[in-house]
J.: 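I'd like to ask some things about the structure below.
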Amino acid sequence: MPHHALEIALTQPLTSAELRQATHALPLAANHDATRLMALAGGKTPERAAHRLRRRLTAQLPIDVITTHYPDAHGQVVLNVAFPPTIHTALKRNARRAGLTPERYVRQALHRALAEHAAREADRLDHAVHQLLLHSSPAHLLSAVGHALTRLPESPKS
């Protein structure tokens with residue numbers, strides 16, 4: 001059975017004792033503040049591996065989301081979210097009305113939200129550049145942007 005690298009995002013940081021207890025059930029690697037964990041989980045597919053991992057650790061950890069760590073051949077990652085019963089019921093109802101499975105309904109809603117966010121961000125940056133060009137030449141602005149990019153300590157946070 002293949003193994004899949006999965007990342008677990010937690011709803012709150014783990015204490016040292018909680019992390020130690022969780023690693024007795026399954027080898028886990030934690031980030032610096034114990035809000036994200038990495039695990040290898042077996043499963044025929046990444047979806048099954050994420051499902052199996054959630055079932056195994058839900059009682060021990062405050063799991064928010066489980067994702068595949070590496071994108072597949074299409075650049076996609078698996079997103080495993082456990083919705084509260086009322087939300088799950090509403091999703092199933094809305095999906096049925098749209099003639100979709102709940103998974104496809106959530107996938108389409110997520111793609112739509114990400115596209116809208118990308119469009120808003122592009123508009124915001126376009127507006128900011130136009131404002132800067134009111135007081136600077138394109139050559140000076142391009143030079144300043146190049147200079148700023150070479151001095152960034154890390155990637156900007158979204």
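Excluded from the calculations below are hydrogen atoms, water molecules and symmetry mates; all remaining heavy atoms, backbone and side chain alike, are included. Everything quoted here is computed from the prediction, not taken from an experiment.
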J.: Less than 3.5 Å apart, which donor and acceptor atoms pair up between the side chains of residues 129-137 and the rest of the protein, not counting sequence neighbours?
T.:
from, atom 1, to, atom 2, distance (Å)
His130, ND1, Asp126, O, 3.0
Ser137, OG, His140, N, 3.1
Ser137, OG, His140, ND1, 2.9

J.: Would you say the side chain of Val77 lies within less than 4.5 Å of the side chain of Pro46, judging by non-hydrogen atoms?
T.: no
J.: If you measure from CG on Leu125 to NE2 on His127, what distance do you get to the nearest 0.5 Å?
T.: 11.0 Å
J.: Under the side chain to side chain donor-acceptor pair (under 3.5 Å) rule, what pairs show up with a residue in residues 36-48, not counting sequence neighbours?
T.: Glu7-Arg36, Thr45-Glu47
J.: What are the two closest non-hydrogen atoms of Ala41 and Ala49, and how far apart are they?
T.: O-CB, 3.6 Å
J.: Determine whether Leu6 and Asn80 satisfy the following criterion, side chain to side chain contact (heavy atoms under 4.5 Å, CB included), listing intermediate values before the conclusion.
T.: CA-CA 10 Å; Leu6 301 173; Asn80 178 287; over 6 Å; no
J.: Determine which pairs satisfy salt bridge (charged side-chain N to carboxylate O under 4.0 Å, His left out) with at least one residue from residues 74-96, sequence neighbours left out, and list them in order.
T.: none
J.: What residues, two or more places apart in sequence or in another chain, satisfy side-chain hydrogen bond (donor to acceptor under 3.5 Å, both in side chains) together with Thr35?
T.: Asn31, Asp33
J.: Any link between Ile66 and Phe83 through a network of hydrophobic side chains (Ile, Leu, Val, Met, Phe, Trp, Tyr) touching at under 4.5 Å?
T.: no
J.: Would Ile87 end up clustered with Leu79 when hydrophobic side chains under 4.5 Å apart are linked, directly or stepwise?
T.: yes
J.: Looking at every heavy atom in both Arg54 and Val65, which two are closest together, and how far apart are they?
T.: NH2-CA, 4.0 Å
J.: Output the rest of the hydrophobic cluster of Leu142: all Ile, Leu, Val, Met, Phe, Trp and Tyr residues reachable through side-chain heavy-atom contacts under 4.5 Å, sorted by chain and number.
T.: none
J.: Among residues two or more places apart or on two chains, list those pairs meeting side chain to side chain donor-acceptor pair (under 3.5 Å) that have a residue in residues 16-25.
T.: Thr15-Glu18
J.: Could you work out the complete set of other residues in the hydrophobic cluster of Met1, with links drawn between I, L, V, M, F, W and Y side chains under 4.5 Å apart?
T.: none
J.: Taking only residues two or more places apart in sequence, or in another chain, which ones meet His147 in a side-chain hydrogen bond (donor to acceptor under 3.5 Å, both in side chains)?
T.: Arg151
J.: With rounding to the nearest 0.5 Å, note down the distance linking CD1 in Ile8 to NE2 in His69.
T.: 12.5 Å
J.: For Thr11 and Asp64, indicate whether the former's side chain and the latter's backbone hold a donor-acceptor pair under 3.5 Å.
T.: no
J.: Among residues at least two apart in sequence or on other chains, which ones pass side chain to side chain contact (heavy atoms under 4.5 Å, CB included) with Leu26?
T.: Leu28, Ala39, Leu53, Arg56, Leu57
J.: For Gln76, enumerate each residue passing the side-chain hydrogen bond (donor to acceptor under 3.5 Å, both in side chains) test, keeping only those at least two apart in sequence or located in another chain.
T.: none
J.: Got a sec, which residues hit side-chain hydrogen bond (donor to acceptor under 3.5 Å, both in side chains) with Glu121, two or more places apart in sequence or on another chain?
T.: Arg124
J.: I need the minimum non-hydrogen distance between Gly42 and Arg52, along with the two atoms involved.
T.: O-NH1, 2.8 Å
J.: Using modelled atom types and a 3.5 Å cut-off, is there a donor and acceptor pairing between side-chain atoms of Thr89 and backbone atoms of Pro85?
T.: yes
J.: If you look at every heavy atom in Leu37 and Ala30, which pair is closest and at what distance?
T.: CD2-CB, 3.5 Å
J.: Taking only residues two or more places apart in sequence or in another chain, which ones pass side chain to side chain contact (heavy atoms under 4.5 Å, CB included) with Leu149?
T.: Val145, Leu152
J.: Has His4 got a side-chain atom pairing as donor or acceptor with Ala50's backbone, closer than 3.5 angstrom?
T.: no
